[in-house]
Amino acid sequence: MRVLVTGGAGYIGSHAAKRLLDSGHQVVVVDNLFRGHRQAVPPGAPFVQADLRDTSAIEKTLRQHDIECVMHFAALAYVGESVLQPLDYFENNAGGSASLLRAMDHVGVRKLVFSSTCATYGEPPPPEIPIAETCPQSPINPYGWSKLFVERMMRDYARSNDKFCFAALRYFNVAGCAVDGSLGEDHHPETHLIPVLLNVALGKLPGAVIFGDDYPTPDGTCIRDYLHVEDLADAHITVMESLNKGDQRFYNLGTGNGASVHQVVEAVRAVTGHPIPVEIGPRREGDPPMLYANPRKIKDELGWEAQRKDIKQMVADAWRWFEKHPNGY
Ligand code: UDP
């Protein structure tokens with residue numbers, strides 16, 4: 001298929017673009033390079049530097065490359081930043097997506113695979129965990145809302161155009177780097193647990209802070225469902241290849257297993273051989289104690305399940321890239 005990957009210079013988008021190429025699809029990448037890296041765009045994918053809000057640039061790209069499907073990753077994705085700068089999130093994530101849909105509508109591109117998030121569920125009550133797609137969506141920050149708005153937009157647009165089909169993939173925590181070492185994770189600023197711990201191992205930070213160890217979990221630290229970025233990329237391709245006219249699909253993407261912050265720290269110690277000094281700090285606002293997916297729906301319907309479930313393996317794949325690229329791309 002001829003696929004436009006928005007945000008294909010970013011962490012997840014670049015991995016998806018590479019897996020698409022590896023599996024025989026044709027890929028065009030569009031990215032505004034606000035936080036993406038030109039070097040992350042895999043060779044073999046033509047690159048267009050444009051912002052999604054530039055509807056005519058997107059329309060031109062869709063036409064020029066005769067695009068059949070869009071995989072839409074481009075977004076701002078920091079929860080804390082979204083609280084401080086909500087309008088940026090609504091303009092970029094919701095506004096950018098509306099513009100993309102408009103361009104697709106003008107050109108007649110009818111397939112969309114959208115990068116959504118488990119942040120659309122907010123803080124589900126304990127009986128809802130593990131989280132299934134039927135869990136009520138009630139975001140607790142503008143980032144989650146901006147993604148939920150896009151889900152809503154796609155549903156409403158689909159009602160007006162019966163040829164349009166889409167899938168919203170609600171990711172849990174994404175981890176790891178390309179197994180062949182060709183692509184990595186390079187965020188500025190970096191706030192995610194595994195890269196922060198790897199920066200400690202590289203000597204770029206003296207130590208890490210664990211945000212609270214008094215949660216109602218077995219070791220007191222928060223539990224998250226870490227999914228390997230290569231598994232995530234494969235899930236996108238499986239979903240894209242299965243989408244048919246009129247489909248409206250929603251899938252939670254995770255392993256179904258949780259790892260606590262302490263367990264992740266231990267995995268990083270084991271993989272890097274570095275002692276990784278940590279101190280216990282206060283809780284970070286908006287961190288639910290436990291979030292992990294019930295991944296049964298996508299397995300039952302499409303046969304996809306995560307293949308690389310071991311947190312140590314994910315850390316090892318990330319470490320390979322971080323060691324070779326201590327200063328990022
Ligand atoms: N975390 C931590 N110290 C850090 C970064 C993260 O203790 O320096 C914790 C955070 O509170 C959460 C988990 O690690 O419980 C995963 O956080 P991350 O920011 O990686 O992803 P999130 O779950 O917020 O999407």
Side-chain angles (χ1 to χ4, degrees), residues 10-12 35 73 75-84 89 93 115-124 129-131 139-148 169-177 184-202 204-229 232 252-269 272 274 276-293 311 314-315 317-319 322:
Y11 169 46
I12 302 172
R35 287 196 170 131
F73 300 91
L76 297 177
Y78 291 116
V79 167
E81 182 182 70
S82 80
V83 175
L84 298 172
Y89 278 69
N93 297 0
S115 167
S116 188
T117 168
C118 69
T120 60
Y121 294 117
E123 274 187 61
I129 295 170
I131 302 168
I140 56 165
N141 51 58
Y143 168 65
W145 277 113
S146 72
K147 292 282 182 174
L148 186 56
L169 306 183
R170 299 174 186 150
Y171 316 158
F172 283 66
N173 291 54
V174 187
C177 295
E185 179 170 14
D186 181 6
H187 293 126
H188 296 280
E190 187 53 83
T191 61
H192 291 111
L193 180 62
I194 294 174
V196 164
L197 296 172
L198 293 178
N199 281 330
V200 176
L202 285 172
K204 294 173 74 178
L205 296 172
V209 178
I210 292 180
F211 299 145
D213 70 348
D214 57 352
Y215 283 96
T217 59
D219 68 19
T221 62
C222 290
I223 292 178
R224 295 287 179 273
D225 184 338
Y226 297 88
L227 176 66
H228 199 297
V229 67
L232 181 62
N252 287 349
L253 297 185
T255 61
N257 300 317
S260 72
V261 177
H262 275 312
Q263 287 171 322
V264 174
V265 171
E266 281 312 321
V268 173
R269 286 178 178 148
T272 63
H274 189 285
I276 313 287
V278 293
E279 61 182 69
I280 307 299
R283 291 181 177 194
R284 185 170 69 177
E285 206 187 311
D287 270 343
M290 198 161 18
L291 285 177
Y292 58 97
I311 188 75
M314 294 183 215
V315 170
D317 288 340
W319 180 231
F322 273 77

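Every number for a ligand or one of its atoms is a count from 1 in the order of the listing. On a predicted model such as this, the values are computed, not experimentally measured, just so you know.
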Straight-line distance of [X] [atom1] to [Y] [atom2], nearest 0.5 Å:
{"X": "Ile131", "Y": "Phe172", "atom1": "CD1", "atom2": "CZ", "answer": "4.0 Å"}
{"X": "Thr272", "Y": "Leu197", "atom1": "OG1", "atom2": "CG", "answer": "9.0 Å"}
{"X": "Cys118", "Y": "Tyr171", "atom1": "SG", "atom2": "OH", "answer": "11.5 Å"}

For [atom], what is the closest protein heavy atom, and at what distance to 0.1 Å?
{"atom": "atom 15 (O) of ligand 1", "result": "Cys222 CB, 3.0 Å"}
{"atom": "atom 20 (O) of ligand 1", "result": "Leu193 N, 2.8 Å"}
{"atom": "atom 3 (N) of ligand 1", "result": "Val209 O, 2.8 Å"}
{"atom": "atom 11 (O) of ligand 1", "result": "Asp287 OD2, 2.5 Å"}
{"atom": "atom 9 (C) of ligand 1", "result": "Val261 CG2, 3.8 Å"}
{"atom": "atom 21 (O) of ligand 1", "result": "Asn173 ND2, 3.1 Å"}
{"atom": "atom 2 (C) of ligand 1", "result": "Phe211 CD1, 3.3 Å"}
{"atom": "atom 17 (O) of ligand 1", "result": "Arg284 NH2, 3.5 Å"}

Any side-chain donor paired with an acceptor under 3.5 Å for [X] and [Y]?
{"X": "Thr221", "Y": "Asp213", "answer": "no"}
{"X": "Tyr121", "Y": "Asn252", "answer": "yes"}
{"X": "Tyr143", "Y": "Glu81", "answer": "no"}

Short question: side chain of Glu190, backbone of His192 - any donor-acceptor pair under 3.5 Å?
->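 Yes: the side chain of Glu190 pairs with the backbone of His192.
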What atoms of ligand 1 come within less than 4.0 Å of a heavy atom belonging to Ile210?
->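 Ligand 1 atoms under the 4.0 Å threshold to Ile210: 7 (O).
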Numbering as shown, the atoms of ligand 1 that approach Thr191 to under 4.0 Å (heavy-atom distance) =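 So the atoms of ligand 1 that pass are 5 (C), 19 (O).
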What do you reckon, does Tyr226 put a non-hydrogen atom under 4.0 Å from ligand 1?
->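 The answer is yes: ligand 1 sits under 4.0 Å from a heavy atom of Tyr226.
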So does Glu123 have more than 12 non-hydrogen atoms from other groups sitting under 6.0 Å from CD?
-> yes
Applying a 4.0 Å heavy-atom criterion (strictly less than), which segment of His192 is in contact with ligand 1: side chain, backbone, both, or neither?
->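 Within the 4.0 Å criterion, His192 contacts ligand 1 through backbone and side-chain atoms alike.
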